[in-house]
Amino acid sequence: MTLPEVGIFARTFPRTTAATVAAAVAEAGFRLAQFNFSAIAMPTLAPDVSLDAVTAVGRDFRDAGVAVWGLSATYNIIHPDRAFRLRQTRQAARLIEISPLLGVTAVTLCSGTLNADDMWTGHPDNGSAAAWAGLRSTLDALLEAASDAGIKLGIEPESANVIDSARRAHRLISELGSDARHVGIVLDPGNLVAPETIRRQDDIVNEAFDLLGEHIIGLQAKDLTAAGPAPLGRGDLDYTMICRRTLELGRAVPIIIQDATEDDASRSGRYLRDRLHAARNT
């Protein structure tokens with residue numbers, strides 16, 4: 001069985017040029033990355049980036065021997081300021097349209113929150129019908145761009161957002177019908193399991209794989225304990241179990257390391273590859 005490729009967020013290595021970011025990714029032992037324009041001190045949605053500049057980013061990563069699996073286009077897609085939201089949606093749609101220049105499989109999104117100050121902070125009304133309608137309205141505009149670009153939109157269940165669970169992600173996929181072919185799930189167990197639910201991680205993670213398995217296009221990896229975030233492999237998430245469920249998908253779904261520090265990136269990569277080997281051998 002071919003093991004999934006282990007990659008890393010390129011923004012782990014902030015630099016002034018894509019070439020130096022790509023070189024740092026490769027030097028840390030990775031051949032796969034998720035790119036965010038913030039890695040080269042640009043806004044994530046890169047509204048002013050030229051086609052030539054995007055093409056150059058793709059070339060720089062290829063020259064370094066690093067494939068770009070995904071591109072981050074994270075913004076608050078249900079931001080309560082409608083004019084601001086629509087402006088960012090137009091920027092995201094453009095980024096999706098030009099993403100093939102990087103050779104990506106997916107462009108990843110945030111499913112949004114009604115909190116106007118921070119897209120990673122929840123809001124009491126995120127579970128409301130109005131919040132869901134806002135998600136669907138914005139997503140419809142982005143689906144057209146994804147279809148034209150021939151890529152998938154990566155939706156990540158995140159506790160502070162509208163898609164806050166595997167069940168709500170499954171609901172979205174079901175509602176999209178034929179449009180679901182343009183959407184994939186990016187599963188981050190560290191966003192579904194919280195410090196207060198760490199003892200129930202088996203139930204939470206297994207439910208996510210059971211409900212979403214056929215739609216999972218990528219995983220993200222970070223770690224936590226009952227006290228909060230931890231370096232990958234030094235927390236309490238059971239990555240042997242997570243890797244075993246990933247292998248059971250029957251296809252090489254990439255795992256992208258998130259939130260590692262630059263000086264811990266290589267060790268994190270080795271740890272995750274070791275867990276994949278252990279899972280294959282159990």
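Please read all numbers here as calculations on a predicted model, not as lab measurements. Hydrogens, waters and symmetry mates are skipped; everything else that's a heavy atom, side chains included, is used.
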Measuring only between side-chain heavy atoms, which start at C-beta, is [X] closer than 4.5 Å to [Y]?
X	Y	result
Leu249	Phe209	yes
Glu158	Asp188	no
Ile151	Thr105	no
Pro254	Leu219	no
Thr261	Thr12	no
Tyr75	Thr44	no
Leu224	Ile198	yes
Ile216	Val186	no

Can we say [X] and [Y] salt-bridge, meaning some charged N sits less than 4.0 Å from an Asp/Glu carboxylate O?
X	Y	value
Arg234	Asp223	no
Glu97	Arg94	no
Asp264	Arg267	yes
Arg199	Asp236	no
Glu262	Arg11	no

Side-chain donor-acceptor pair present, [X], [Y], cut-off under 3.5 Å:
X	Y	answer
Arg85	Asn76	no
Thr113	Asn126	yes
His277	Arg280	yes
Glu156	Asn191	yes
Ser128	Asp125	no

If hydrophobic clusters are built from ILVMFWY residues whose side chains come within less than 4.5 Å, do Ile256 and Val104 share one?
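Result: no, two separate clusters.
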Please answer: with hydrophobic residues joined when any side-chain heavy atoms are less than 4.5 Å apart, are Leu45 and Leu86 in the same cluster?
no
Test side-chain contact (heavy atoms from CB on, under 4.5 Å) on Leu212 and His170; report intermediate values, then the result.
CA-CA 6 Å; Leu212 303 171; His170 186 265; 4.0 Å; yes
Checking the side chain of [X] only, and the main-chain atoms of [Y] only, is there a donor and an acceptor separated by less than 3.5 Å?
X	Y	result
Ser147	Leu143	no
His79	Ala116	yes
Tyr239	Lys222	yes
Thr282	Ala279	yes
Ser38	Ala41	no
Arg168	Asp164	no
Asn161	Cys110	no
Ser137	Ala133	no
Asn36	Leu71	no
Thr197	Val193	no

Might you point out which heavy atoms bring [X] and [Y] nearest each other, and give the distance in Å?
X	Y	answer
Ser268	Leu232	O-CD2, 3.8 Å
Pro157	Ala169	CG-CB, 4.0 Å
Ile217	Ala106	CD1-CB, 3.8 Å
Cys243	Leu272	SG-CD1, 4.2 Å
Ser72	Gln34	OG-NE2, 3.0 Å
Ala160	Trp120	CB-O, 3.3 Å

As a test of understanding, state which of Arg31, Arg273, Arg251 forms a salt bridge (charged side-chain N to carboxylate O under 4.0 Å, His left out) with Glu5.
Arg31
If we check ring pair (Phe, Tyr, Trp, His ring centres under 6.0 Å) with Phe35, which of these qualifies: Phe61, Trp69, Phe9?
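Exactly one pass, corresponding to Phe61.
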Kindly compute the distance separating [atom1] ([X]) from [atom2] ([Y]), expressed to the nearest 0.5 Å.
X	Y	atom1	atom2	value
Leu101	Thr55	CG	OG1	4.0 Å
Glu207	Asp202	CD	CG	13.0 Å
Leu109	Thr74	CG	OG1	8.5 Å

What residue among Val25, Ile8, Asp60, Leu32 forms side-chain contact (heavy atoms from CB on, under 4.5 Å) with Val66?
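The residue from Val25, Ile8, Asp60, Leu32 that satisfies side-chain contact (heavy atoms from CB on, under 4.5 Å) with Val66 turns out to be Val25.
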Only one of Asp179, Thr108, Leu142 clears side-chain contact (heavy atoms from CB on, under 4.5 Å) with Leu153; which?
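Option passing the side-chain contact (heavy atoms from CB on, under 4.5 Å) with Leu153: Leu142.
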Hey, mind stepping through Val162 and Leu172 against side-chain contact (heavy atoms from CB on, under 4.5 Å) and telling me if it holds?
CA-CA 10 Å; Val162 175; Leu172 176 67; over 6 Å; no
If you apply the rule side-chain contact (heavy atoms from CB on, under 4.5 Å), what do you find for Phe13 with Thr20, and how did you get there?
CA-CA 9 Å; Phe13 309 93; Thr20 51; over 6 Å; no
Can you tell me if Arg171 has over 12 outside heavy atoms packed within less than 6.0 Å of its CZ?
yes
Carefully, step by step, assess Asp52 and Ser50 under the rule side-chain hydrogen bond (donor to acceptor under 3.5 Å, both in side chains).
CA-CA 5 Å; Asp52 287 345; Ser50 69; 5.3 Å; no
